[in-house]
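Heads up: the structure comes next, in structure tokens.
Read the numbers this way: they start at 1 and go in the same order the structure lists the ligands and their atoms.
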Amino acid sequence: MINLITMDDFDFENKTVLIRVDFNSPLDSETKIITDDTRIRRHAKTIKELMDKGGKVVIIAHQGRPGSHDFSTLQQHSKVLGKILGKPVSYVSDIFGEAAKSEIKKLKRGEALVIENIRMFLGEMKKLTADEHAKSELVKNLVPLADVYVNDGFAVSHRAHASIVGFPVVLHSVVGRVLERELKVLDKVKRGEEKPCIYVIGGAKADDAESISDYVIGHGTADYVLTGGVIGQLFLFAQGVDIGDINVRFLEKKKFTQYIPKIKELFKKYDGKILLPEDFGIDVNGKRKDITLNDLPTSYSMFDIGLKTAKKYTELLKTAKIIVLSGPMGVYEREEFILGTKRVFEAVANSDAFSVVGGGNTLEAVKKLGLSDKISYISTGGGALMEFLTGKILPGVKALEKQHL
Ligand code: 3PG
């Protein structure tokens, strides 16, 4: 595990603590109410520890991206946090102006304040170096009020944003409990020392799927990659299987066919290590019909893997010591097409392997199937998880490491 200064190494009594968390949560598209508070719950433990240790806790977080449907203030996040903690948490709709500064100065030991969505500060997401971010208005205005910075936001530590990399340049900084645990657990998974290690890659993130497969098989971390969802179709198509115009058009519309040359290379390099679906659930006028490879091409949309594929994957998953699950096997949102995801996810949940799950859709499917308690480790990260597992150094972690120099 990377050697970082932890929360055990600092006396928080009566100190003003800036803590960066990742409260970014799914919001109902109409009511804009938080539909899943998992991340807030996870960070609440770190925040409580800081409050119990006498800290005056200033919480920095984001919700959505500017312009996106889920870009919002953090008022409701502060209320949800207050409920979880069983204590009121204050909120100020300001980041580093006079209103925010005055609320921060008013904090008493053991109290917490959520400042406004950090992405409302235009400099937050600018492509700058850590030293440049350290000179931002955000850092310049908040550092004089603070004694220490805690980065607890694993899920956002793959972003070199001002609130992630700027503070550690100029303020004593430590790793928070959530980030510390993620690094500890995922470091073992990343090394893939226990064999077999199997990655299950479904969903529809084509660029990620190609690069993850290349990294984990190429580095000997994973023994097999099992594909499903749109990724399964894309990989099949790259292997020369005619999946039917309607499905090809979908891949083209999403610009996924650009990855085909690279995927072909993967098959050449890693013969037999990448497994493809052999049967499918197709959507015939709103009803599921199951077909096999022999029935292709089809003039209907492929929305799931079939039972034969799920059985083959299940047998292999029974032998695994480590499983990383990323992406559903089909359109799990529709009852007719949840079957493949259900069978494969149940196989992961019931296996003796150490299983790791992360990412919005995958987590939602795991929850929908009632399997959350049977997964060994649920990461708070989506993009950050995959970047970490594919050997990238997360800028947020790098910024904390520099504290040692
Ligand atoms: C996430 O939800 O993965 C993190 O909060 C990062 O969000 P971003 O992809 O908008 O930077």
R39 and ligand 1 - part of the residue with a heavy-atom distance under 4.0 Å: side chain
Using modelled atom types and a 3.5 Å cut-off, is there a donor and acceptor pairing between side-chain atoms of D304 and backbone atoms of G281?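 No; judged by distance alone, with no hydrogens or angles, the pair does not exist.
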For the side chain of E182 and the backbone of A155, is there at least one donor-acceptor N/O pair under 3.5 Å apart?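 It does not hold such a pair.
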Does F10 have its ring centroid less than 6.0 Å away from the ring centroid of F12? yes
Within less than 4.0 angstrom of ligand 1, does M125 place any heavy atom?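 No.
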Any heavy atom of R119 sitting closer than 4.0 Å to ligand 1?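 The answer is yes, since R119 has a heavy atom less than 4.0 Å from ligand 1.
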Side chains of I33 and L27, heavy atoms from C-beta outward: is any pair under 4.5 Å? no
Write out the residue and atom name of the closest protein heavy atom to [atom], then the distance separating them to 0.1 Å.
atom: atom 5 (O) of ligand 1; answer: D22 OD2, 2.6 Å
atom: atom 8 (P) of ligand 1; answer: R65 NH2, 3.5 Å
atom: atom 11 (O) of ligand 1; answer: R159 NE, 2.6 Å

Against the six-membered ring of F354, is K188 placed for a cation-pi contact (under 6.0 Å from the centre, within 45° of the normal)? no
Any N/O pair H161/ligand 1 closer than 3.5 Å: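 No, since none of the N or O atoms of H161 sits under 3.5 Å from an N or O of ligand 1.
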Students often mix this up, so state it plainly: with edges at 30° and 60°, are the rings of F250 and F256 parallel, tilted or perpendicular? perpendicular
